[in-house]
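Position 1 is the first residue of the sequence, and the numbers go up from there. Quick caveat: nothing in here was measured; it's all calculated off a predicted structure. Both backbone and side-chain heavy atoms feed into the values below; hydrogens, waters and symmetry mates do not.
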Amino acid sequence: DASIADGATVTAVSGDVDMTARQSVGVQNIAGGASLLLSNSNGGGGGGSGSDGGTSVGAAVAVNIVPIDTDVSIGAGATVTAQGSVSMLADSEIVPMEIVIPDVLPEALGIGEIETGLFVTGLAIGASIASGGGDQQGSGSDAGAGSAVINVFTPDTRAIVGAGSTITATTGDISVR
């Protein structure tokens, strides 16, 4: 945040008065879930009755909750005077980050981190594999997987001029954005 206090006096006898509040927030969340069920057998031979069931579930959820407050303000009753211009700018952004594969191999291989060129705020991957349920008639197997990404971004970006303040730009412009 950038601010001039309530009742303050700011004078630029030459030049401008520039106030800027900026935020750039990098966000990344990666989640993975898997399910694997290859065999679900009673181990018996043929002829048996009965059922053998199996369940395997994998899930991945990536949740980003990002509140961002960015304020630039001139307080109530303040006096701001510039020979040139007076400028107030409040700006914020949410930036996806690059997926980088970390260096997990021995240093002797000389590979290091691998930059993928893929930029994401959230990535969720779910995978499932199933196979036959064994040799029993009526036997079965199940496998399931799912994934979801939830991004909640609540930027609050404000440029505020307080009540009763006086802003003077003698030879320039006044800009509030």
Side-chain angles (χ1 to χ4, degrees), residues 1-35 57-128 145-177:
D1 293 356
S3 64
I4 294 175
D6 292 349
T9 299
V10 175
T11 304
V13 293
S14 65
D16 304 327
V17 173
D18 292 320
M19 299 177 65
T20 302
R22 261 197 187 115
Q23 286 195 76
S24 180
V25 178
V27 175
Q28 184 179 81
N29 194 344
I30 299 175
S35 174
V57 178
V61 178
V63 179
N64 292 316
I65 300 174
V66 183
I68 301 174
D69 292 326
T70 308
D71 296 334
V72 60
S73 64
I74 294 176
T79 301
V80 178
T81 305
Q83 183 62 34
S85 297
V86 176
S87 171
M88 298 173 63
L89 170 65
D91 186 28
S92 64
E93 66 179 345
I94 298 168
V95 181
M97 297 177 63
E98 182 177 15
I99 297 174
V100 176
I101 300 170
D103 180 9
V104 294
L105 299 173
E107 192 173 310
L109 296 176
I111 296 176
E113 289 185 343
I114 300 171
E115 296 179 6
T116 64
L118 300 172
F119 292 81
V120 298
T121 57
L123 174 64
I125 300 171
S128 177
S147 62
V149 174
I150 301 168
N151 285 325
V152 180
F153 300 144
T154 56
D156 196 358
T157 305
R158 299 176 295 252
I160 303 164
V161 177
S165 60
T166 303
I167 302 173
T168 305
T170 304
T171 61
D173 298 321
I174 298 172
S175 171
V176 179
R177 41 188 188 119

Thr116 vs Ile101 side-chain heavy atoms within contact, under 4.5 Å: yes

Test log, rule side chain to side chain contact (heavy atoms under 4.5 Å, CB included), inputs Ile68 and Ile94: CA-CA 9 Å; Ile68 301 174; Ile94 298 168; 3.4 Å; yes

Heavy-atom closest contact (Ser92 atom, Thr70 atom, distance): CB-OG1, 3.5 Å

Expected output: side-chain Gln28 to main-chain Pro96 donor-acceptor under 3.5 Å: no

Any donor-acceptor N/O pair, Thr11 side chain to Val13 backbone, under 3.5 Å: no

Check: Thr157 side chain, Ala90 main-chain N or O, donor-acceptor pair, under 3.5 Å: no

Test item: side-chain donor near acceptor, Gln83 and Ser14, under 3.5 Å: no

Gap between atom CD1 of Ile99 and atom CG of Leu118 - 0.5 Å precision: 5.0 Å

Which atom of Val80 lies closest to which atom of Val17, heavy atoms considered: CG1-CG1, 4.0 Å

Sidechain-backbone polar pair: Ser165 side chain, Ile74 backbone, donor-acceptor under 3.5 Å: no

Ile167 and Val161: CA distance, side-chain angles, deciding distance, side chain to side chain contact (heavy atoms under 4.5 Å, CB included) verdict: CA-CA 9 Å; Ile167 302 173; Val161 177; 3.9 Å; yes

Heavy-atom side-chain proximity of Leu89 to Arg22 below 4.5 angstrom: yes

